[in-house]
Amino acid sequence: MSTLSTSLITHSEALFEKAQSLIPGGVNSPVRAFRSVGGTPVFISKAQGAYIWDEDGNRYIDYVGSWGPMILGHAHPRVVHRIQDLAERGTSYGAPTALECELAELVTQAVPSMEMVRFVSSGTEAVMSALRLARAYTGKNKIIKFTGCYHGHCDDLLVKAGSGASTLGVPDSPGISQAVASQTLLATYNDLESVKVLFEQYPSEIAAVIVEPIAGNMGCVPPVPGFLEGLRLLTKQHEALLIFDEVITGFRVAYGGAQALYNVMPDITTLGKIVGGGLPVGAYGASQEIMKMVAPVGPMYQAGTLSGNPLAMGAGIETLKLLQESHVYQQLEAQTKCLVEGLEAVAQSKQIPVQLHRVGSLFTLFFAAHPIQNYEDVLKANKTRFNRFFHQMLKKGIYLAPSAFESGFVSLAHTPNDIEATLETFSNVDFEDQE
Ligand code: HOZ
């Protein structure tokens with residue numbers, strides 16, 4: 001591991017200062033600004049395999065993986081070569097390509113409930129389109145979402161819990177109209193009763209329930225047994241659609257995503273991250289019947305200049321093909337299990353209460369003694385302790401998400417040595433606050 005820079009002001013600090021005068025908060029996505037953990041974000045100059053390097057030359061073992069897409073590790077040679085090869089033929093045509101067909105075939109073969117797919121450029125765009133599709137198909141307007149589940153920054157879903165927000169539909173961000181926010185209803189993750197109550201309250205107005213089948217944006221919170229099955233039943237009973245937001249879980253927890261893992265089929269699925277192999281891609285898909293609502297076949301309009309971009313399609317194709325190799329998910333499972341069990345053992349030896357959650361190669365370490373099943377539980381975890389842990393790990397070359405409430409990602413490039421180095425580093429973290 002490299003020694004960290006000793007100059008008075010690091011390149012990252014200088015860049016952050018400059019960036020803040022040009023870009024709001026110095027970042028193009030808020031969580032990157034380290035507001036949750038404090039301090040200065042490291043500016044990344046390159047990545048390879050399981051590692052990223054900052055502008056000061058420090059190397060880190062990366063458990064963020066660009067927030068999920070880099071399941072193969074960074075700069076996998078096959079993905080890089082494909083992008084290079086395609087770039088020489090032009091970077092965007094705004095016209096159909098064979099590549100789109102190839103990726104669509106791979107996706108629909110992989111994800112059990114998707115018979116047809118439409119590619120867009122981000123997870124947010126996929127979710128936004130999926131909601132429009134659900135409304136167009138059902139002719140209803142209201143959407144149920146779960147507090148703590150995040151589905152990108154589209155207006156409808158930037159509403160979460162908080163005093164009054166659930167019942168009054170108060171937008172979480174200014175700029176979202178009351179009319180839009182009032183169409184979003186909030187339920188509690190892993191609590192079917194909270195969904196039933198909403199269906200009873202609005203029996204004929206709910207177009208869809210949208211859920212992260214494994215919550216990944218409040219840290220990793222798996223569904224309790226029966227939760228997803230219960231959502232499937234309730235939505236069927238009330239003629240509402242079930243949308244699985246598999247932007248994080250798609251191709252991550254299993255090749256067919258969480259729906260394959262738990263054998264619960266949604267009506268609409270949204271994808272992002274891995275499906276684009278590290279380039280900007282989102283996708284939404286469903287049965288032929290539902291997808292025939294989408295223009296130009298049906299009346300629901302949705303379009304995009306860079307949708308199905310050839311470089312992004314190529315990166316996605318190579319990534320999915322590599323994920324089809326037989327050892328892949330067993331290897332991810334084994335490495336992550338080893339990491340998570342090791343973290344648990346170290347925490348125990350330090351007498352620090354933790355909850356370690358893992359599904360496949362998606363994991364979160366919560367500093368909490370209580371079981372965690374929903375957002376309220378998540379908020380009660382010890383944030384101060386996480387921040388102390390985060391900064392000490394970062395200083396020693398372990399790059400984790402800069403927030404107590406995000407998931408960690410292990411890639412195929414992480415080696416047993418990387419896991420060992422991570423555990424060793426954790427064992428040296430000084431929890432001065434320890435009671
Ligand atoms: N949506 C991500 C957090 N769950 C953050 C994405 C980013 O900052 O790149």
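Start at 1 and go down the list; that is how both ligands and their atoms are numbered.
Taking a heavy-atom cut-off of under 4.0 Å, ligand 1 is surrounded by S29, V31, R32, W67, Y150, N217, E406.
For E376, the CD atom counts as loosely surrounded, since its 6.0 Å shell holds 12 or fewer non-hydrogen atoms of other residues, nucleotides or ligands.
Residues forming a salt bridge (charged side-chain N to carboxylate O under 4.0 Å, His left out) with E318 (at least two apart in sequence, or on another chain): R78, R82.
Annotation: salt bridge (Lys or Arg N to Asp or Glu O under 4.0 Å) contacts involving residues 17-42, sequence neighbours excluded, are absent. Within the structure, every pair that satisfies the salt bridge (Lys or Arg N to Asp or Glu O under 4.0 Å) test and touches residues 267-287, not counting sequence neighbours, is listed here: R232-D267.
Under the 6.0 Å cut-off for aromatic ring centres, F426 and F389 qualify, their centroids lying closer than that.
In this model, no donor atom of one side chain and acceptor atom of the other lie less than 3.5 Å apart for S12 and T40.
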